Asker: 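Please see the structure below; I have some questions.
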Amino acid sequence: CPPHFSSTSAVPKAGLGQMGRRRRHTMNGPPRLDFMLETLFVNFKYQNDSVLVVSREDYEECNTKNPVKKFEDGSTMFRFDRYGFFYFISGKPGHCKSGQKLVIRVMVHPEVEPPGLAPAPHSGGGGGGGGGDEWGPPTPNSTVRLPVESYFMTALGGIRRPLKLEFKNIVRPFSMSSKSDELGLKENPNPNSINNVKKQTFDLGKGSEVVYIPRFLGFDESWKWFNYLNKEIPWTRPSIRVFGRSCIQPRDTCYVASEGLPELRYSGYQPHAYSWEDYPPLKQILDAVHEMLPGSNFNSLLLNRYKGGSDYVAWHADDEKLYGSTPEIASVSFGCDREFLLKRKPSKSLTVQATKAKDEEQPARKRVKKSGNDDQHSFTLKHGSLLVMRGYTQRDWLHSVPKRARADAVRINLTFRRVL
Ligand SMILES: O=C(O)CCC(=O)C(=O)O
Ligand SMILES: [Fe+2]
């Protein structure tokens with residue numbers, strides 16, 4: 001019989017009550033349950049079967065050949081010792097394909113100070129297997145002690161039959177350890193894989209996180225994409241409305257989205273949604289992004305072209321409702337390096353103003369310092385780089401690409417998003 005991952009018996013006893021909150025999302029797409037936990041164990045019960053911890057790719061393909069870990073003892077207590085994605089499938093032929101699979105994402109709870117305030121660049125090495133590389137521990141081999149209350153867990157789709165999932169309480173803080181140690185992950189031989197890129201993770205606190213991968217795409221390859229995008233994309237520079245006044249958006253734009261999604265609207269402007277099929281190379285870049293970010297599933301893309309240093313994007317947050325409360329945004333840059341700034345939203349009232357006034361403010365003139373101020377961060381977004389904003393970054397932070405007199409060449413930026 002297949003492993004059971006069910007949410008029956010032990011869940012109510014698993015500390016949910018104590019945390020006092022439980023959220024249930026209903027949205028289109030896979031079923032999704034959020035649990036506020038004091039517990040970071042899952043217990044699988046099964047007979048004549050096995051439970052495999054696998055990579056995202058193997059999860060998607062139900063590949064049982066290359067598990068990161070295999071359990072066959074009939075009652076497996078799996079400890080979540082880090083935040084990130086965990087992919088489980090049944091080891092019995094055919095069972096995974098019939099729905100015996102589960103993704104669990106462990107996230108830092110926004111109301112609790114997260115671990116090891118970054119900037120703590122970490123290589124992401126050894127991740128692939130357990131998934132969740134990009135939400136791994138703050139540093140490899142870290143021994144940061146965390147209260148478990150600082151996590152919450154999301155069980156994401158893929159369950160088509162009743163599954164049995166038991167959560168067990170743990171009552172004291174535990175020590176974070178390297179995921180590669182814990183999950184027995186091996187070095188991935190594929191040089192283009194997530195495990196082999198230099199990746200910097202910046203924990204902005206309270207559940208906001210930025211990941212920067214400077215060499216996401218190869219240099220020459222990136223110029224090919226740049227030339228294609230510069231020439232083939234139907235760029236427009238629309239009129240937008242800001243505080244009742246009409247002005248020209250200070251950069252070119254284009255929008256691509258999967259069919260049937262709610263329409264995007266910002267600053268009184270509703271861009272036409274082109275389809276992925278119209279521009280197949282975009283789909284290829286999207287595939288590369290998905291490969292780099294296990295668990296992501298972007299379905300829309302906002303393209304920006306900055307023709308020179310006087311084109312910019314003002315302080316704003318991409319907090320449109322259609323992206324949900326914790327959108328992941330993956331931003332790929334080509335061409336001229338430009339500075340990307342992040343600053344913490346000042347206060348509730350100002351936040352509302354700043355968010356609504358997208359493109360309205362003057363560009364940020366002051367360069368924010370790279371260090372010494374936890375409320376401001378600056379990244380130079382390089383040709384071929386990938387920057388990911390996730391968690392509560394859109395709720396709690398603003399970002400901008402300010403005017404820069406010396407940026408005298410074209411830059412193209414793609415931001416992949418998921419419309420819910
Ligand atoms: O060009 C960039 O790097 C950022 C673009 C952006 O923030 C947006 O399109 O919302
Ligand atoms: Fe943005």
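If you read the sequence from its start, that first residue is 1, and numbering goes on from there. FYI, side chains are in, hydrogens and waters are out, and symmetry mates aren't considered; it's all heavy atoms of this structure. For ligands, and for the atoms within them, numbers begin at 1 and follow the listed sequence. Because the structure is a prediction, the values reported are computed rather than measured.
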Asker: State whether K283 and D287 are salt-bridged, where the test is any N-O pair (Lys NZ or Arg NE/NH1/NH2 against Asp/Glu carboxylate O) under 4.0 Å.
Answerer: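 So K283 pairs with D287 through a salt bridge.
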Asker: For ligand 1, which atoms sit closer than 4.0 Å to a heavy atom of R417?
Answerer: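 Near R417, the atoms of ligand 1 are 8 (C), 9 (O), 10 (O).
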Asker: Would R305 count as a contact residue for ligand 1, given that I'm defining contact as a non-hydrogen atom of the residue lying under 4.0 Å from a ligand atom?
Answerer: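 So R305 does not count as touching ligand 1.
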Asker: So which of R251, Q249, R338 actually passes side-chain contact (heavy atoms from CB on, under 4.5 Å) with V313?
Answerer: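 Option passing the side-chain contact (heavy atoms from CB on, under 4.5 Å) with V313: R251.
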Asker: At under 4.0 Å between heavy atoms, which part of R338 makes contact with ligand 1: side chain, backbone, both or neither?
Answerer: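 It is neither; nothing of R338 touches ligand 1.
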Asker: Would you check if the distance from the ring center of Y228 to the ring center of W225 is below 6.0 Å?
Answerer: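 No - the distance between ring centres of Y228 and W225 does not fall below the 6.0 Å cut-off.
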Asker: What atoms of ligand 1 come closer than 4.0 angstrom to any heavy atom of N304?
Answerer: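 The atoms of ligand 1 under 4.0 Å from a heavy atom of N304 are 5 (C), 8 (C), 9 (O).
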Asker: Contact between ligand 1 and R251 is defined here as a heavy atom of the residue under 4.0 Å from a ligand atom; is it met?
Answerer: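 Contact check R251 vs ligand 1: negative.
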Asker: With a 3.5 Å distance limit and no angle check, can you tell me whether S239 reaches the backbone of S246 through a side-chain donor-acceptor pair?
Answerer: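 No: the side chain of S239 does not pair with the backbone of S246.
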Asker: Under 4.0 Å from any heavy atom of Y306, which atoms of ligand 1 are there?
Answerer: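 Per the distance check, 1 (O), 2 (C), 4 (C), 5 (C).
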Asker: Looking at L381, which atoms of ligand 1 are within less than 4.0 Å of one of its heavy atoms?
Answerer: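 Within the 4.0 Å cut-off of L381, ligand 1 contributes 3 (O).
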Asker: Going by the atom numbers of ligand 1, which of them fall below 4.0 Å from some non-hydrogen atom of H399?
Answerer: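 Ligand 1 atoms under the 4.0 Å threshold to H399: 7 (O).
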Asker: Provide the number and element of each atom of ligand 1 under 4.0 Å from a heavy atom of D318.
Answerer: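 Here the atoms of ligand 1 in question are 10 (O).
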Asker: Taking the basic N atoms (NZ, or NE/NH1/NH2) and the acidic carboxylate oxygens, is any pair closer than 4.0 Å for K345 and D396?
Answerer: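 No, no charged N to carboxylate O under 4.0 Å.
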Asker: Can you find an N/O atom of N413 closer than 3.5 Å to an N/O atom of ligand 1?
Answerer: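 Yes, N413 has an N/O under 3.5 Å of an N/O on ligand 1.
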Asker: Using modelled atom types and a 3.5 Å cut-off, is there a donor and acceptor pairing between side-chain atoms of H399 and backbone atoms of F340?
Answerer: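 No.
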Asker: Within a reach of under 6.0 Å around CZ of R215, are more than 12 heavy atoms found that belong to other residues, nucleotides or ligands?
Answerer: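 Not more than 12 within 6.0 Å, no.
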Asker: Does ligand 1 have an atom under 4.0 Å from some heavy atom of R411?
Answerer: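 The answer is yes: ligand 1 sits under 4.0 Å from a heavy atom of R411.
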Asker: Please could you name the atoms of ligand 1 that V401 approaches to less than 4.0 Å, counting only its heavy atoms?
Answerer: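 Numbered from 1, ligand 1 contributes 1 (O), 2 (C), 3 (O), 4 (C).
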Asker: I'd like the atom name of the N/O/S atom in H399 lying closest to the Fe ion (ligand 2).
Answerer: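 Closest to the Fe ion (ligand 2) among those atoms: NE2.
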Asker: Report, rounded to 10°, the angle at the Fe ion (ligand 2) between the two atoms NE2 (H316) and OD2 (D318).
Answerer: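 Computed angle, vertex at the Fe ion (ligand 2), rounded to 10 degrees: 120°.
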Asker: Mind checking the CZ-CD1 spacing from R418 to I329? Nearest 0.5 Å is all I need.
Answerer: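 Here the rounded value is 13.5 Å.
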Asker: Counting only heavy atoms from other residues, nucleotides and ligands, does the tally under 6.0 Å from CD of E221 exceed 12?
Answerer: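 Yes - once you tally the heavy atoms of other residues, nucleotides and ligands closer than 6.0 Å, there are more than 12.
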